[in-house]
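A quick write-up on the structure given underneath.
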Amino acid sequence: MADEKMAIAKAINESLRKALETDPKVLVMGEDVGKLGGVFRVTDGLQKDFGEARVIDTPLAESGIVGTAIGLALRGYRPVVEIQFDGFVFPAYDQIVTQLAKMHARALGKVKLPVVIRIPYGGGIGAVEHHSESPEALFAHVAGLKVVSPSNAADAYWMMQQAIACDDPVIYFEPKRRYWDKGEVDTTAIPAPLHSARVVREGGDVTLAAYGPMVKTCLEAAAAAEEEGKSLEVVDMRSMSPIDFDTLQASVVKTRRLVVVHEAPVFLGTGAEVAARITERCFYHLEAPVLRVGGFHAPYPPARLEEDYLPGLDRVLDAVDRALAF
Amino acid sequence: MADEKMAIAKAINESLRKALETDPKVLVMGEDVGKLGGVFRVTDGLQKDFGEARVIDTPLAESGIVGTAIGLALRGYRPVVEIQFDGFVFPAYDQIVTQLAKMHARALGKVKLPVVIRIPYGGGIGAVEHHSESPEALFAHVAGLKVVSPSNAADAYWMMQQAIACDDPVIYFEPKRRYWDKGEVDTTAIPAPLHSARVVREGGDVTLAAYGPMVKTCLEAAAAAEEEGKSLEVVDMRSMSPIDFDTLQASVVKTRRLVVVHEAPVFLGTGAEVAARITERCFYHLEAPVLRVGGFHAPYPPARLEEDYLPGLDRVLDAVDRALAF
Amino acid sequence: MSVKSTAARSSRGGAKRRGAAAGREPELVQLLTPEGDRVQHSEYSIDLTPDELRGLYRDMVLTRRFDAEAITLQRQGELGLWASLLGQEAAQIGSGRATRSDDYVFPTYREHGVAWCRGVDPLNLLGMFRGVNNGGWDPNENNFHLYTIVIGSQALHATGYAMGVAKDGADSAVIAYFGDGASSQGDVAEAFTFAAVYNAPVVFFCQNNQWAISEPTERQTRVPIYQRAAGFGFPGVRVDGNDVLACLAVTRAALERARRGEGPMLVEAFTYRMGAHTTSDDATRYRTADERAEWEAKDPIARLQAYLTKEGLADDEFYAALDAESEALAKRVRDGVRAMPNPDPMAIFENVYADGHALVDEERAQFAAYQASFADGEGH
Amino acid sequence: MSVKSTAARSSRGGAKRRGAAAGREPELVQLLTPEGDRVQHSEYSIDLTPDELRGLYRDMVLTRRFDAEAITLQRQGELGLWASLLGQEAAQIGSGRATRSDDYVFPTYREHGVAWCRGVDPLNLLGMFRGVNNGGWDPNENNFHLYTIVIGSQALHATGYAMGVAKDGADSAVIAYFGDGASSQGDVAEAFTFAAVYNAPVVFFCQNNQWAISEPTERQTRVPIYQRAAGFGFPGVRVDGNDVLACLAVTRAALERARRGEGPMLVEAFTYRMGAHTTSDDATRYRTADERAEWEAKDPIARLQAYLTKEGLADDEFYAALDAESEALAKRVRDGVRAMPNPDPMAIFENVYADGHALVDEERAQFAAYQASFADGEGH
Ligand SMILES: Cc1ncc(C[n+]2csc(CCOP(=O)(O)OP(=O)(O)O)c2C)c(N)n1
Ligand SMILES: Cc1ncc(C[n+]2csc(CCOP(=O)(O)OP(=O)(O)O)c2C)c(N)n1
Ligand SMILES: [Mg+2]
Ligand SMILES: [Mg+2]
């Protein structure tokens, strides 16, 4: 089925379905992923078609979910684990950081940990506390993990295929507020490498770098800026560990200005690393310091304040103006 | 007892003793903190003098330790919690991030969480896995927490006093390999503010910024560089959340070059934030990009490789040379 | 010599993979049958005045009315979400009324009935569901902690608080609420361990409403939850969670026990979540109408009403007055919610820290300037 | 109607704050007394050939000799640390010999005796204690997982692995080792829950050696640890951990049970850590010589030796040969450790990922260049 228009949630669903079909070792596990199909319906219909042995409703215990997934991986399975919401990954953090991330190295390469952890993340859906967070930096800092986030349906499909095929643990952050955004998905295409960034809009004045839900925001900002006569290049980073600095560098060498945008708090967010490293790589090219737009150093606010908290088009354009003013 | 020469471990012990004496609400809790006095003897003698109700050996469960400390704080106590080693804080990460850090804000300020979490951290002691890590960035990224680390005995004493007095949760990272380093401790002095950085050596060519165990390394590097005719300024950051950017900025405006040094992995380490923000603040002053020296993106290696893994004098000086070469 | 293994007995003696609970139901403490008849129990008894009985009835009715109004408000877009307690009124009112004012309560996100008993204004509960705050009351005002969303966390807070109560030499008790799903969380097990080891005056009150979103209780355990306590060294008991008298009696006994310094206890209130998990959930995807109907017959309010009627303890006047009171409450809640102002955006930066933080100050100032730039017409 | 509360019984019936364990000891499965006499047990029995009995003796003696050598090597600076199993030989050899080669074992950091039974070269165990690696063997070679230092984590790995075994329709079993201290970790409780819910073929083998570093078992629980299992719906049993026959019999039965698809079981081996926690620890700070002396009388090796002697199953020749074998093992270990090369610094960057990672590649290259700069005489 080449070139079908699909929502991101559906694309992930199709990708999981494909993986379950193709490889009998693939498992889907998590809270409510079975009959309910997950609270976002991303696993809808999978248990019906593949049975309770492959699509597993787990007890309500995230450390247990990841810990048993590690055991299953050691037995040769390839578990795809769902964490119901971003804010509920922390009970599993110990298993992820001290076990999942390090076990391959601990074993001098003798065991592999092909575990995918799916985390619907980010805000903008009017939810209560713990349902709108962007903790990606807390995973990207940790060696042994790979961290990615798709921004569109085609990437959602293909990056999930690649994450499952990868012999390393991959934290797959799903931009939950974009779940219903539709896009073409060519399921016969040859996808770009999992950890490559992609220039999704070309421009000459300033580069915007983003991933996941903020790519759309940046594209909108670029469209708005065009009306003001500013030409913005938008890079979809796609991967937060590793980060494709070559693609970012190439863009910055051209535009000489960079603004990094993410929902996560700015302080020690992934933008800090991009700023530090791109400044090192492009010291003589930059006309302005790398600027960052993101969340504040504050708990994610109640829903009625999230529009103020989240980086929107205006905050992005404000940063663009500041970058251009240097 | 003004101006006594004390090891860092002893200074913390004295500071805890003082707090237990002064405020009946102060508690010390953790694994083996009682009769044993902790595996590093930092709580030596405290249970003997203050009893089992104030100095509490806990079950072996870090989430339980922090979770019950939160409850005790809600009841009006001021628990000082010990996590035995850096690598064992992760089972408590959920309680720290989703509860301890956010509860004051969740309650719109109606409750306070004066909990100190002591974590002996960093490498250099020839230990086995999980006993040599530097996870400070994983806490500094989280709003609601304050994160500090002393580099010398006087700071160890006073910063602990201040951390206990603070009505916010403070993660107090203890440079375990410097526990036995002695320094003057004036217990009658007026200490600098908890979150202020301090210029510990003045110089004109390059600024070195560090905290905890790396301050000593940087001072040694500065002494070595002096012999080569280079004048390095060393800033002891002391606090990783908040970071005293004013002091760093003042130094960089003078030296025009900055190298940040920490044991933690460079990628998304606190140095990334320093680099990003100082570049923004000092864009026209910097003669070179902010360079970073730290751990690699790899699990902390076995003991016989840690000298290679850890930033030492040579790696610091190498970065200084690279900064000067720009 | 014989093996001391109670487990060997209980499990080998018939536990099936899909849970003993489904097969041989263990007995549960009941003082009022679904038909509204009073029964006696050897260990737990209760003697209430007609006023008290009517009071419990009133509590349940008002709580249910409030809950229904909240659902309506959610449907109307006034709330972002609501977690209904429908069906759990007896468990919550019974246990809530068992607490003393100096006791301390740690709820989940569904304890609206307990909040009611503690004197928390229902309007305050709605703030977080409307999205104007993450917890809008002062916990110390009514000794009722904020709602906790991360499953199981509060069990540890309750235990720590109880350790503090014991340290203070006070004779207050603490009660921690959680659900059947929560029983799987490591934090709850650790709370059991700390409570037992320090003999903390805490009652663990588990409302087993048969479901954790779409997962039935057998996804969490294969033996009844109350039996979990024994292995940690304290008693557990299952009570009919739709029987407000039994819930009151058992919880009161457990709290008294804690006060006497006898340590923690686990109460499993066997009840049913009549509604969906929250207003975002569609329960028809995973459970049958039959199951719901079965529990409908055990309704906690109907059963107390039957008893009041049989005993002649409430007349039409009482019911009419309560109806009016219910509607007045609903109206107050409706009007109150609609009048709730959106918070000032600058509130984002408030209360992040108690003692201030330079970065928050900096970001607050930057954001204020940014906001001002629009007012000045300088923005985009 | 009576309250179904086994806990109420066990706890109210006398549990004191400082633990029932200290007072009324529960009975434990024993097949060989400290004096070396065989006793029968109604549920667990074992019938071994003289060769097998001598084999168990040999395993324990060699393990102890190896352990002693490791302590010496640590004192000599050849190892950074050592976690001695002294006193726990019976628990480890008994349970280890109960496993089948296709079973899978998840150890803590102290299971040197189990490793021995699995055929792991003792030298390989020393790598991490010497600091040349973080776990130097291929887990799949002997179905013996790497040592796990984060307390309790491996209980979940074992459970997941066992879930996989069941999925595969294999009749292998899995065994997870952990200590009395670990019983407090949430991960262990979650492992119990998952194992029970999925009926996983896993045996939880808890060596209660009375201490978690300086904390006695009553800091972790106020009832015997084996009783924890019942509340999760599977059997628990306490076995004399210094009785190699009982450990073998009970573990074998538990593993067979798992193979038959009857699900998990908890075995608590009641034993004693005769040495300090590790070579870094000073046990005299927190426990008495008397206590140690008391356990000395229950020594697992002495008791089997007494039996062998009484029954005439081993002669001087056997003991002399074993002595020689012990010394040969010690020498091989000593020489082997001393010959262990330091790893190449570039190993830091190896095996961080299975499929590569751009940042690791970059840092590897930078580090190589940096290292080379010294060789070139360009460094400081
Ligand atoms: C740690 C964590 N994981 C997942 C969730 C998402 N979640 C919210 S409620 C719920 C089910 C809770 O079930 P139960 O404990 O039985 O309480 P009930 O909702 O039935 O009252 C889940 C999985 C959460 N809030 N916290
Ligand atoms: C999560 C975690 N917390 C703390 C430690 C430090 N630590 C290492 S061993 C130990 C005691 C373990 O006791 P137990 O489980 O009884 O095993 P034993 O050492 O007695 O064999 C502690 C606290 C750790 N390794 N992991
Ligand atoms: Mg429930
Ligand atoms: Mg132990």
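Throughout, a chain's letter reflects where its sequence line sits, starting with A, and its residues are numbered from 1.
- Taken from CD in B:Q99 to NE2 in A:H130, the straight-line distance is 5.5 Å, to the nearest 0.5 Å.
- With a 4.5 angstrom heavy-atom cutoff, A:T270 touches chain B via backbone and side-chain atoms both.
- For A:V266, the parts lying under 4.5 angstrom from a heavy atom of chain B are both the backbone and the side chain.
- How far CG of B:L138 is from CG of A:L268: 9.0 Å, rounded to the nearest 0.5 Å.
- The contact list for residues 292-305 of chain A toward chain B, using heavy atoms and a distance under 4.5 Å, reads A:R292, A:H297, A:A298, A:P299 by residue number.
- Side chain of A:H141 to main chain of B:F267: a donor-acceptor pair is present (N/O by atom type, distance under 3.5 Å, no hydrogens or angles).
- Interface summary for chain B: among A:A143, A:A92, A:G87, the most heavy-atom pairs under 4.5 angstrom belong to A:A143.
- In this structure, chain B has no heavy atom under 4.5 Å from any part of A:E62.
- Counting non-hydrogen atoms of neighbouring residues, nucleotides and ligands closer than 6.0 angstrom, the NZ atom of A:K110 reaches no more than 12 such neighbours.
- Of the residues considered (A:S63, A:A264, A:G269), A:G269 shows the highest number of contacts with chain B, using heavy-atom pairs under 4.5 Å.
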Can you give the donor-acceptor pairs under 3.5 Å from side chains of residues 280-287 of chain B to other protein atoms, not counting sequence neighbours?
from   : atom 1 : to     : atom 2 : distance (Å)
B:R281 : NH1    : B:D246 : OD1    : 2.8
B:R281 : NH1    : B:Q249 : OE1    : 2.6
B:R281 : NH2    : C:E362 : OE1    : 3.4

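- The candidate from A:A105, A:A275, A:G144, A:A137 with the greatest count of non-hydrogen atom pairs under 4.5 Å with chain B is A:A137.
- Rounding to the nearest 0.5 Å places CG of B:L291 at 10.5 Å from OG1 of A:T279.
- Only the side chain of A:E133 comes within contact range of chain B, with heavy atoms under 4.5 Å apart.
- Looking at B:Q95, neither its backbone nor its side chain comes within 4.5 Å of chain A, counting heavy atoms on both sides.
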